[in-house]
Amino acid sequence: VWIYVLSFAGRGLDILENLPHVGAVIRSSELERIRRLIGFLQDTLEERKTVLGNARMLDLVEYNSANPDKPLPLICVFIDNFAELRDSSFENELSELEKLIEGGRTYGISFMMTALQSNSVPFKIMNLIEQRLTLFMPDRSEYSAVIGRMPSLEVESIPGRGLTSTNPSLLFQIALPEDGSKKNDLSRYFEKTAQNLKEAWQNKNGTSPVRIDILPLWVNLSDLLKTT
């Protein structure tokens, strides 16, 4: 799996960039990187359409089952705080992401997103999301906008408690992998976990994701000539 994060709610997810299967953590101020990520996803989608078409495969799952020695990675794009994409400065990017959300699933390009309010996500995109989760809401009528119906279950006001959009709806509980009472302890836990995973992945000669890095301010001519 290759993971790309659009982190639009501060720098809390920056630490994920150390994980071996994360190709980028991009903030809302980095428009050029957002555009390069979208371009990479579009190119990958077109390549996979050709590969699966030539192989006469219906989707990535079928293709990888038939090619266990050379599977194509699942690409997951995580958008934290989707409301930022509703800003007029992201109008073109939002339109392109909508096309990717609609056409990418079959070819192994999936999206996860968070939002503080149900109306933060455009109606068309909301309808493309098959699995939805909602945490506790003070106003019960708000649940229907996310899960599609009024819940029959009572959701307690407990951090991490919420409902799924399955039919029937199910209660779920989200928990931190480590005691989160102290932010530094949680950060150290993630740093250690990321380092352990990176070492294990390198020992297995695992394939690293395509990076969407910050472009350098200066490039040596000799280095540039090596890439041409």
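Numbering of residues begins at 1 and proceeds along the displayed sequence. Every value quoted in this text rests on a predicted model; they were computed, and no experiment measured them.
Annotation: side chain of Arg86 is in contact with side chain of Pro122 (closest heavy-atom distance under 4.5 Å). The closest side-chain heavy-atom distance from Glu142 to Gln117 is not below 4.5 Å. A heavy-atom distance below 4.5 Å is not found between the side chains of Phe78 and Val25. Proximity of Met137 to Val155: side-chain heavy atoms (C-beta onward) are nowhere separated by under 4.5 Å. Taking 4.5 Å as the limit, some side-chain heavy atom of Glu30 sits within range of a side-chain heavy atom of Arg27. Here the side chains of Tyr63 and Pro71 are not in contact, with every heavy-atom distance at 4.5 Å or above.
Here the side chain of Ser169 pairs no donor or acceptor atom with the backbone of Ser165 at under 3.5 angstrom. A distance-only check finds a donor-acceptor pair linking the side chain of Ser7 to the backbone of Gly10 [under 3.5 Å]. Between the side chain of Thr114 and the main chain of Asn81, a donor-acceptor pair closer than 3.5 Å is present. With hydrogens and angles disregarded, a donor-acceptor distance shorter than 3.5 Å links the side chain of Arg132 to the backbone of Met126. With hydrogens and angles ignored, the 3.5 Å screen pairs no side-chain donor or acceptor of Ser95 with any backbone N or O of Asn92.
Only one option out of Leu133, Ile147, Thr134 pairs with Thr164 in a side chain to side chain contact (heavy atoms under 4.5 Å, CB included); it is Leu133. In summary, of the residues considered (Val77, Ile75, Leu6), a side chain to side chain contact (heavy atoms under 4.5 Å, CB included) with Phe111 occurs for Val77 alone.
Ile158 meets the side chain to side chain contact (heavy atoms under 4.5 Å, CB included) test with Glu156, Arg161, Gln173; sequence neighbours excluded.
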Verdict with supporting geometry, Ser141 and Asp139, side-chain hydrogen bond (donor to acceptor under 3.5 Å, both in side chains): CA-CA 5 Å; Ser141 64; Asp139 184 353; 2.7 Å; yes
Leu215/Arg33 under side chain to side chain contact (heavy atoms under 4.5 Å, CB included): CA gap, chis, key distance, verdict: CA-CA 9 Å; Leu215 293 177; Arg33 290 182 77 196; over 6 Å; no
Residues Leu60, Tyr107; criterion side chain to side chain contact (heavy atoms under 4.5 Å, CB included); working and verdict: CA-CA 5 Å; Leu60 189 76; Tyr107 301 96; 5.8 Å; no
Arg35/Glu96 under side chain to side chain contact (heavy atoms under 4.5 Å, CB included): CA gap, chis, key distance, verdict: CA-CA 10 Å; Arg35 287 172 175 169; Glu96 296 304 318; over 6 Å; no
Verdict with supporting geometry, Lys198 and Trp201, side chain to side chain contact (heavy atoms under 4.5 Å, CB included): CA-CA 5 Å; Lys198 185 177 293 186; Trp201 193 240; 5.8 Å; no
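The minimum heavy-atom distance linking Ser187 with Ile15 is given by the pair O-CD1, 3.2 Å. Closest approach of Ala9 and Asp80 over heavy atoms only: CB-OD2, 3.6 Å.
In the hydrophobic cluster analysis, where Ile, Leu, Val, Met, Phe, Trp and Tyr join through side-chain heavy atoms closer than 4.5 angstrom, Ile109 is grouped together with Leu97. Leu74 and Leu128 fall into different hydrophobic clusters, where Ile, Leu, Val, Met, Phe, Trp and Tyr side chains are chained together by heavy-atom contacts under 4.5 Å. Both Trp2 and Leu52 belong to a single network of hydrophobic side chains, linked directly or stepwise wherever heavy atoms of I, L, V, M, F, W or Y lie under 4.5 Å apart. Note on Leu45 and Leu37: same hydrophobic cluster, where clusters join Ile, Leu, Val, Met, Phe, Trp and Tyr whose side-chain heavy atoms are under 4.5 Å apart, directly or indirectly. If you chain together hydrophobic residues whose side chains sit under 4.5 Å apart, Ile34 and Ile214 never meet in one group.
For residues 22-55, the pairs satisfying ring pair (Phe, Tyr, Trp, His ring centres under 6.0 Å) are Tyr4-Phe40, with sequence neighbours left out. Within the structure, the salt bridge (Lys or Arg N to Asp or Glu O under 4.0 Å) test picks out the following pairs touching residues 49-71 (sequence neighbours left out): Glu46-Lys49.
Annotation: the span from Ile26 atom CD1 to Glu17 atom CD amounts to 8.5 Å, rounded to 0.5 Å.
The environment of CG in Leu116 is sparse: at most 12 heavy-atom neighbours from other residues, nucleotides or ligands sit within 6.0 Å.
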